[in-house]
Engineer: 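This is the structure, below, for whatever I ask next.
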Protein chains: 4
Amino acid sequence: MTTEERVREAAVRLFAERGFHGTGIRDLAQAAGLSSATLYHYMGTKEDLLVSIMRTSLTELITQAEAIAARAANETDRLVALVEMHVQAHAEKPRETAVVDGEMRALTGDRRAEIVALRDRYEQIWQDAIVDGVQAGRLNVTEPSVARLALLEMCSGVSRWYSPDGPLKLTDLTIQYGAMALGMLGAAR
Amino acid sequence: MTTEERVREAAVRLFAERGFHGTGIRDLAQAAGLSSATLYHYMGTKEDLLVSIMRTSLTELITQAEAIAARAANETDRLVALVEMHVQAHAEKPRETAVVDGEMRALTGDRRAEIVALRDRYEQIWQDAIVDGVQAGRLNVTEPSVARLALLEMCSGVSRWYSPDGPLKLTDLTIQYGAMALGMLGAAR
Amino acid sequence: MTTEERVREAAVRLFAERGFHGTGIRDLAQAAGLSSATLYHYMGTKEDLLVSIMRTSLTELITQAEAIAARAANETDRLVALVEMHVQAHAEKPRETAVVDGEMRALTGDRRAEIVALRDRYEQIWQDAIVDGVQAGRLNVTEPSVARLALLEMCSGVSRWYSPDGPLKLTDLTIQYGAMALGMLGAAR
Amino acid sequence: MTTEERVREAAVRLFAERGFHGTGIRDLAQAAGLSSATLYHYMGTKEDLLVSIMRTSLTELITQAEAIAARAANETDRLVALVEMHVQAHAEKPRETAVVDGEMRALTGDRRAEIVALRDRYEQIWQDAIVDGVQAGRLNVTEPSVARLALLEMCSGVSRWYSPDGPLKLTDLTIQYGAMALGMLGAAR
DNA sequence: AATGAATGAGAGTTCATTCAT
DNA sequence: TATGAATGAACTCTCATTCAT
């Protein structure tokens, strides 16, 4: 693992555990095994580091979501595939995703706009999936926007509690979430 | 409104908007219209203030949840009533609830233990409701704990986006969430 | 005991235990059973209070020392009587005397000058006693100033350790100090 | 002189002149020619700095006192040598010794216990010297503990007034204190 | 006589960041 | 590549003091 990766990993972990404002540059340096001065060879500002983490994570989610949207056999499958991918990502990379979901308010100015735009783009994919599902008669929701928000919150929460060392296997987790998603969206049985 | 209430309200707002660590004592003072020294006539430490906000909010939720659990006609009603109450609380007091849901990690030591215990007590009420519903054959979930976590995350998310000034009325919101909850828990139709 | 006395007593105790700068106005108020605002009905500034304590204590010492100097039968008696008086004062009022001996540096400007002048006046009485004793052939010291300083430090130290509840009676204490003083000043046997 | 030494020296001087609580961190920084933030590269807390100064000074005194106790020809020599060493230390390092003698009360908790233990160890060496002198018939004191306290106070006072630039040479000072000590302890002539 | 409320200034300490080496 | 040294600004919190009631 390169030093840059160590820095990044330390940042992901600490930002997730303590939040951006709760993490000091010295904490980061110590966790990465460097002096705080050396840290600055591997990053810009603390906020740059946060942005970079978020961009990477969100971009990956978007890429996967777009691939799913492109290849899904039907609207139901598409929705379930999105849920499974999202849940899996939050189960496998709980820290990265928790940072994305929880630290957006720490960003300022243009950086914030950039990340918000990415998030909006990701959410739009979900919005489309739900709207299309409803139009196709496969889903039954009163208000697609409300459903989208509720669904995403439900799935994102996984990063806060799931542990791969616990009794629940990842595949079972995604299956359950897929089922719950279909249920809450009133999918035709 | 008393000065103490102004302090509290300022804290709730800023903690919700910027997070505990992102809120300085001077920000708080300014928002409450006081000097930072005067602030300390109306609070203990910054952390004390956070604890107090959380305790108040969680205690209120627990009180309401226990009342619902005591009076509900059947397991389905009980679950829906919990959802409606929770969603309503998060819609009406989005800042207080967001602080409860998001700033627990900022607490330290005994204070943290106290608040975590309250949260656990609240979640247990939900857990019981789900388990009872399953046993009564009115709900159908694979894993009650997973369902509880998913359900609570879904409902708590409301504080992050709902606005009473938007197109969606509060009653419609709660109805939709009730329906989604029943759907995701596989309620008998 | 009047409130003013309570304030004074609290100040004496706290200044002695923690020092002037180590004692806060809130500590004083609490020790006197008042609010910090009420405190200011019974005193000027914190420094005024210190000056007042010192003035009272030093004036009393000077009065007693002058009486001794006026009535002593001979130079040896005079020296011993000064020692006994000084030791008794430091044993009976350890806090007042400790404040006088230890907090002079906390004073500023004119206040400091006033107290320093009182202390110098007191020390002059001792200086005269030693010089007269030497001239009378009753004492034998190389350098009267050095002897005076050494003697006063020795006697003042009593306030730091003597307890009336301990095994040593006050009369025995003063007798021992008188004997030690004569010894160190080379008194004719 | 290294920066660390400059910090230490500044602290010794200011703590001696104004007391620990009377010295601010910004005073310290200015006296050392640093910003207050930079100060913290060279010390832990302000109290750590105080402890370190005291430990160094007391350890040196103990080392010297133990060496004297080990090599003294007889009980009288031993006592005089202790006095001379102590007086010399207080004359040559008046600030360090004044801090040791006067700021112990500013310490808290374990730090205080550590320093008190060192001081007690040092005083025990004196106590032994006096007791041994009495048993050997070379000293004549009523109460060794009282004599020890009086003697140490007398000698420590030197740091408060002696100046190497004054008329009194250091060797004369120590000789006079040795003579006074023997006198006050009733040494056989 | 008594105090709650108020505050500017300052306390000790840490912040994120820079730079010469 | 790596870091000690450095700092202005900011941190949370307390200071001594005043004043209207």
Side-chain angles (χ1 to χ4, degrees), chain A residues 2-4 6-7 20-29 32-50 106, chain B residues 2-4 6-7 20-29 32-50 106, chain C residues 2-4 6-7 20-29 32-50 106, chain D residues 2-4 6-7 20-29 32-50 106:
Chain A
T2 69
T3 305
E4 195 164 4
R6 285 218 320 280
V7 169
F20 179 75
H21 289 304
T23 302
I25 222 76
R26 280 165 182 75
D27 300 328
L28 273 174
L34 299 171
S35 75
S36 60
T38 305
L39 211 57
Y40 282 86
H41 275 275
Y42 298 97
M43 55 177 249
T45 65
K46 201 175 87 162
E47 195 177 344
D48 287 339
L49 189 54
L50 176 60
Chain B
T2 69
T3 305
E4 194 165 4
R6 284 215 324 277
V7 168
F20 179 75
H21 289 304
T23 302
I25 226 75
R26 280 165 182 78
D27 301 329
L28 233 70
L34 299 171
S35 74
S36 63
T38 304
L39 208 57
Y40 282 87
H41 272 277
Y42 299 96
M43 53 177 252
T45 65
K46 202 176 84 160
E47 195 178 343
D48 286 339
L49 190 53
L50 176 59
Chain C
T2 68
T3 304
E4 195 165 2
R6 284 218 321 280
V7 168
F20 179 75
H21 289 304
T23 302
I25 221 76
R26 280 166 183 76
D27 301 328
L28 273 173
L34 299 171
S35 75
S36 60
T38 306
L39 210 58
Y40 282 87
H41 275 274
Y42 299 97
M43 54 177 250
T45 66
K46 201 176 87 162
E47 196 179 344
D48 287 339
L49 189 53
L50 176 59
Chain D
T2 68
T3 305
E4 195 165 5
R6 285 216 323 278
V7 168
F20 179 75
H21 290 305
T23 302
I25 224 74
R26 281 163 183 81
D27 300 329
L28 234 72
L34 299 171
S35 75
S36 63
T38 305
L39 209 56
Y40 282 87
H41 271 277
Y42 298 97
M43 53 177 253
T45 64
K46 201 176 83 158
E47 195 178 344
D48 285 339
L49 190 53
L50 175 59

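Order of the sequence lines fixes the chain letters, A, B, ..., with proteins taken first and strands second; residue numbering starts at 1 for each chain.
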Engineer: Not counting sequence neighbours, which residues clear side-chain contact (heavy atoms from CB on, under 4.5 Å) with R6(A)? List them please.
Structural biologist: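 Here the qualifying residues are M1(A), T3(A), L34(A).
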Engineer: Under 4.0 Å from any atom of DNA chain F, heavy atoms only: list the residues of residues 35-45 of chain C that qualify, in numerical order.
Structural biologist: A37(C), Y40(C), T45(C)
Engineer: Which is more 5' along DNA chain E, the nucleotide nearest F20(D) or the one nearest G33(C)? Just name the residue.
Structural biologist: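 Here G33(C) is the residue nearer the 5' end.
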Engineer: Report the distance from atom CG of D27(B) to atom P of dC13(F), rounded to the nearest whole Å.
Structural biologist: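 After rounding, the reported distance stands at 14 Å.
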Engineer: For A29(A), enumerate each residue passing the side-chain contact (heavy atoms from CB on, under 4.5 Å) test, keeping only those at least two apart in sequence or located in another chain.
Structural biologist: S36(A), L39(A)
Engineer: Taking atom P of dT1(F) as reference, at what distance in whole Å does atom CG of L34(A) sit?
Structural biologist: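 That distance rounds to 11 Å.
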Engineer: Just need the stems in DNA chain F: three or more back-to-back Watson-Crick or G-U pairs, each with both distances under 3.5 angstrom, sorted by first number.
Structural biologist: E:2-21 with F:2-21
Engineer: Going by the rule side-chain hydrogen bond (donor to acceptor under 3.5 Å, both in side chains), which residues pair with D48(B) if we only count those two or more places apart in sequence or in a different chain?
Structural biologist: T45(B), R111(B)
Engineer: Mapping G24(C) and T3(A) onto DNA chain F by nearest heavy atom, which one lands closer to the 5' end?
Structural biologist: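 Closer to the 5' end of DNA chain F: T3(A).
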Engineer: To the nearest Å, give me how far apart CG (L49(C)) and P (dA16(F)) are.
Structural biologist: 12 Å
Engineer: In whole angstrom, give the distance that lies between atom CZ of R26(A) and atom C1' of dT3(F).
Structural biologist: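 The answer, rounded to whole Å, is 13 Å.
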Engineer: Would you mind reading off the distance between H21(D) atom NE2 and dA16(F) atom C1', rounded to a whole angstrom?
Structural biologist: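 Answer to the nearest Å: 16 Å.
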Engineer: side-chain contact (heavy atoms from CB on, under 4.5 Å) for M43(B) and I25(B)? Distances and angles first, verdict last.
Structural biologist: CA-CA 11 Å; M43(B) 53 177 252; I25(B) 226 75; 4.0 Å; yes
Engineer: Nearest heavy-atom pair of H21(D) and G22(C): which atoms, and what distance?
Structural biologist: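 Looking at all heavy atoms of both residues, the closest pair is CD2-CA, 3.6 Å.
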Engineer: At 4.0 Å (heavy atoms only), tell me whether T23(A) reaches a base, stays on the sugar-phosphate, or touches nothing.
Structural biologist: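 Answer is sugar-phosphate: T23(A) comes under 4.0 Å of backbone atoms only.
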Engineer: Nearest heavy-atom pair of T23(A) and K46(A): which atoms, and what distance?
Structural biologist: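 Nearest heavy atoms, T23(A) then K46(A): O-NZ, 2.8 Å.
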Engineer: Under 4.0 Å from any heavy atom of chain C: name the first and the last nucleotide of DNA chain E that qualifies, 5' to 3'.
Structural biologist: dA1(E) to dG4(E)
Engineer: Using the side-chain contact (heavy atoms from CB on, under 4.5 Å) criterion, which residues pair with E4(B)? Sequence neighbours excluded.
Structural biologist: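 Only T2(B), Y42(B) meet the side-chain contact (heavy atoms from CB on, under 4.5 Å) criterion with E4(B).
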